[in-house]
Amino acid sequence: MNDQAWRAAVHTIVDRPSDWQWVSDRVIKVDHPDGPMAMKRWDRTPGERDTFLQHLRYGERSGIQGIIPLMTSTRGDFPVFEAEGYDYYLEPWVEEQTLTSPPSKELRLLSVLAANHKISENEQTIEEGALEEYEQEVDFIWNQQRLHMEQLADQLEQSRFISPFTMTYLHAGPFLERMFQSGKSGFQNWARHVKEKETYRFVFCHGKPSIEHGLIAADGNAWWTNWEASGPNHPAYDLAYFYQDIARNQPFHALDYQAIVGTYEAYGPLWGEADTSLLKALMLTPTPIIDFVEQYRANPQSYAEHQWTAMLELRLNALRYGAELVKWKEDQEAAMRQSAT
């Protein structure tokens with residue numbers, strides 16, 4: 001979207017000419033009568049917009065922490081505005097602070113995420129037929145992805161020249177196969193537990209809790225932005241997304257497993273072995289790597305070969321980190337079971 005369109009949208013919402021600056025292709029920082037604001041362009045259907053607002057209202061009523069409130073326009077209109085054919089929303093600008101003392105940004109954000117899960121924890125009865133249908137759907141997707149992974153390897157091997165990228169992917173084949181099998185077994189263990197209890201556990205999830213979507217204010221409090229994907233789901237979905245983001249951003253300086261797991265357990269709801277099984281299924285899927293290989297095949301000239309290879313290795317290292325974290329948690333649970341006997 002060009003500068004002129006953004007300027008027109010700012011004038012519509014703020015109701016006066018205002019200075020602003022780019023933050024990203026979808027976010028700007030705006031001078032507002034009530035102080036600096038973050039203004040985001042949002043491409044959603046009316047139904048998705050209504051769901052987003054309902055979830056935010058639920059979160060605020062329930063005491064969910066870290067929600068930056070949406071602001072009305074200077075005319076007092078609804079918090080989601082339409083201008084120039086797009087939807088926008090405003091929220092107070094939180095200036096990111098550089099931390100000079102522990103805990104780290106990751107652990108501060110994780111503690112708020114965990115506390116929100118604990119506040120909103122609930123269960124609902126699940127029909128056996130619905131669970132079986134979900135199992136079949138997941139199993140089908142897994143088998144399709146696994147077959148696609150093997151087909152990619154066969155196609156790449158047929159090239160006259162085996163590039164460094166191709167060699168890296170082919171060497172990772174046995175590891176990716178183990179991840180598929182481990183993830184599948186994790187999902188089966190979780191589904192078996194749900195069948196036995198006949199209930200499904202859920203919390204209010206952020207939906208996309210990444211480091212980029214978290215902010216630490218001057219007072220040290222953690223805030224989360226981008227709640228568009230929020231809603232009820234199992235806490236493992238939030239944790240898998242957050243842990244994978246940590247692995248992508250810090251593959252060689254990863255946070256200590258005990259600090260990560262311990263922070264969530266200290267502030268979050270009780271966590272059981274079945275929850276770890278679902279976390280395992282979500283974290284160990286090689287699907288993002290397969291999708292990345294498809295990007296390479298579709299447009300190999302968009303990056304130099306060494307850049308493609310480095311990005312693939314980064315993704316493989318992130319998956320290895322996730323596997324090590326899950327194994328650490330499983331070993332901890334096994335030790336606790338042994339000590340209890």
Side-chain angles (χ1 to χ4, degrees), residues 24-26 96 98-99 104-107 109-110 113 142 145-146 148-153 155-157 159 161-183 186 206-215 225-226 229 236-261 279-329:
S24 69
D25 60 340
R26 294 173 57 193
E96 180 78 85
T98 301
L99 294 174
S104 66
K105 176 180 179 178
E106 292 81 4
L107 295 183
L109 291 171
L110 182 57
L113 194 69
W142 244 309
Q145 286 291 323
R146 185 171 173 273
H148 188 41
M149 182 181 73
E150 294 174 352
Q151 290 173 339
L152 280 175
Q155 292 166 3
L156 291 170
E157 279 183 323
S159 302
F161 170 69
I162 303 296
S163 69
F165 181 93
T166 299
M167 188 67 69
T168 300
Y169 176 67
L170 294 177
H171 281 171
F175 166 68
L176 296 177
E177 174 64 25
R178 291 196 302 273
M179 294 301 97
F180 262 122
Q181 295 301 329
S182 295
H206 177 280
K208 293 184 177 180
S210 65
I211 304 301
E212 182 184 11
H213 293 160
L215 300 167
T225 64
N226 295 71
Y237 284 87
D238 261 359
L239 283 186
Y241 197 99
F242 188 68
Y243 293 163
Q244 288 169 336
D245 191 64
I246 290 177
R248 284 190 295 268
N249 283 280
Q250 310 186 58
F252 305 109
H253 303 282
L255 293 174
D256 179 73
Y257 301 142
Q258 187 170 0
I260 294 176
V261 173
L279 180 67
K280 180 178 183 178
L282 296 170
M283 289 191 65
L284 302 192
T285 172
T287 299
I289 291 175
I290 296 170
D291 292 342
F292 185 71
V293 175
E294 283 289 16
Q295 293 177 32
Y296 170 80
R297 294 180 69 242
N299 191 10
Q301 304 304 319
S302 58
Y303 296 101
E305 180 69 20
H306 73 277
Q307 292 175 309
W308 278 113
T309 305
M311 288 188 288
L312 176 59
E313 289 176 341
L314 186 67
R315 285 161 173 77
L316 288 168
N317 283 335
L319 185 56
R320 292 187 183 100
Y321 171 78
E324 291 171 1
L325 187 151
V326 170
K327 185 179 184 304
W328 185 91
K329 179 57 179 168

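Because the structure is a prediction, the values reported are computed rather than measured.
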| Would a distance-only check, ignoring hydrogens and angles, find a side-chain to backbone donor-acceptor pair under 3.5 Å from Glu305 to Phe165? | yes
| Which heavy atom of Leu279 sits nearest a heavy atom of Ala240, and at what distance? | CD1-N, 3.6 Å
| request: State whether the number of non-hydrogen atoms from other residues, nucleotides or ligands found under 6.0 Å of Glu324 atom CD is greater than 12. | output: yes
| field | Side-chain donor or acceptor of His148 paired with backbone N/O of Ile290 under 3.5 Å | value | no
| side chain to side chain donor-acceptor pair (under 3.5 Å) partners of Glu177, counting only residues at least two apart | Arg146, Gln181
| query | Taking all non-hydrogen atoms of both residues, which atom of Lys280 and which atom of Gly186 are closest, and how far apart? | reply | CD-CA, 4.3 Å
| query | So, Tyr243 versus Tyr257, ring centres under 6.0 angstrom or not? | reply | no
| Which distance, rounded to the nearest 0.5 Å, do you find between the CG of Leu215 and the CG of Leu109? | 8.0 Å
| note | Residues Ala259 and Leu107: closest non-hydrogen pair is O-CD2, 3.8 Å
| query | Distance from Arg178 atom CZ to Leu284 atom CG, nearest 0.5 Å? | reply | 11.5 Å
| said: Checking the side chain of Glu157 only, and the main-chain atoms of Leu170 only, is there a donor and an acceptor separated by less than 3.5 Å? | reply: no
| request: Find out whether Ser302 and Trp308 are in side-chain contact, i.e. whether some heavy atom of one side chain is under 4.5 Å from a heavy atom of the other. | output: yes
| field | Enclosure of Phe292 CZ (heavy-atom neighbours >12, cutoff 6.0 Å) | value | yes
| task | Work out which heavy atom in Gly183 is nearest to a heavy atom in Ala281; give both atom names and the distance. | result | O-CB, 3.3 Å
| said: Quick check: closest heavy atoms across Glu106 and Ile211, and the distance to 0.1 Å? | reply: CG-CD1, 3.5 Å
| remark: d(Leu113 CG, His206 NE2) to nearest 0.5 Å is 8.0 Å
| message | Using side-chain contact (heavy atoms from CB on, under 4.5 Å), reason through Phe180 and Met149 one step at a time and then give a plain yes or no. | response | CA-CA 10 Å; Phe180 262 122; Met149 182 181 73; 3.6 Å; yes
| Quick one: do Glu294 and Arg297 make a salt bridge, cutoff under 4.0 Å? | yes
| query | Within the side chain of Asp238, is there an N or O that forms a donor-acceptor pair under 3.5 Å with the backbone of Gly207? | reply | yes
| Is the NZ atom of Lys208 crowded by more than 12 outside heavy atoms at less than 6.0 Å? | no
| said: With a 4.5 Å cut-off on side-chain heavy atoms, are Ile246 and Leu325 touching? | reply: no
| said: Using every non-hydrogen atom in the two residues, find where Gly322 and Met283 come nearest and quote the distance to one decimal. | reply: CA-CE, 3.6 Å
| request: Check the pair Leu312 / Tyr296 against side-chain contact (heavy atoms from CB on, under 4.5 Å), numbers first and verdict last. | output: CA-CA 10 Å; Leu312 176 59; Tyr296 170 80; over 6 Å; no
| query | side-chain contact (heavy atoms from CB on, under 4.5 Å) between Lys105 and Glu96: does it pass, once the steps are laid out? | reply | CA-CA 11 Å; Lys105 176 180 179 178; Glu96 180 78 85; 2.9 Å; yes
| message | Has Asp245 got a side-chain atom pairing as donor or acceptor with Tyr241's backbone, closer than 3.5 angstrom? | response | no
| note | The reported gap from OG in Ser210 to CG in Asn249 (rounded to nearest 0.5 angstrom) is 8.0 Å
| said: My understanding is that only residues two or more places apart in sequence, or in another chain, count here; which of them pass side chain to side chain donor-acceptor pair (under 3.5 Å) with Gln307? | reply: none
| message | Within the 4.5 Å heavy-atom criterion, are Leu319 and Arg315 side-chain neighbours or not? | response | no
| field | Approximate separation, where rounding is to 0.5 Å, of His306 NE2 and Met311 CE | value | 9.5 Å
| task | Tell me, with the steps shown, if Arg248 and Tyr321 meet side-chain contact (heavy atoms from CB on, under 4.5 Å). | result | CA-CA 9 Å; Arg248 284 190 295 268; Tyr321 171 78; over 6 Å; no
| query | Rounded to the nearest 0.5 Å, how far apart are CG of Leu239 and CD of Gln244? | reply | 10.5 Å
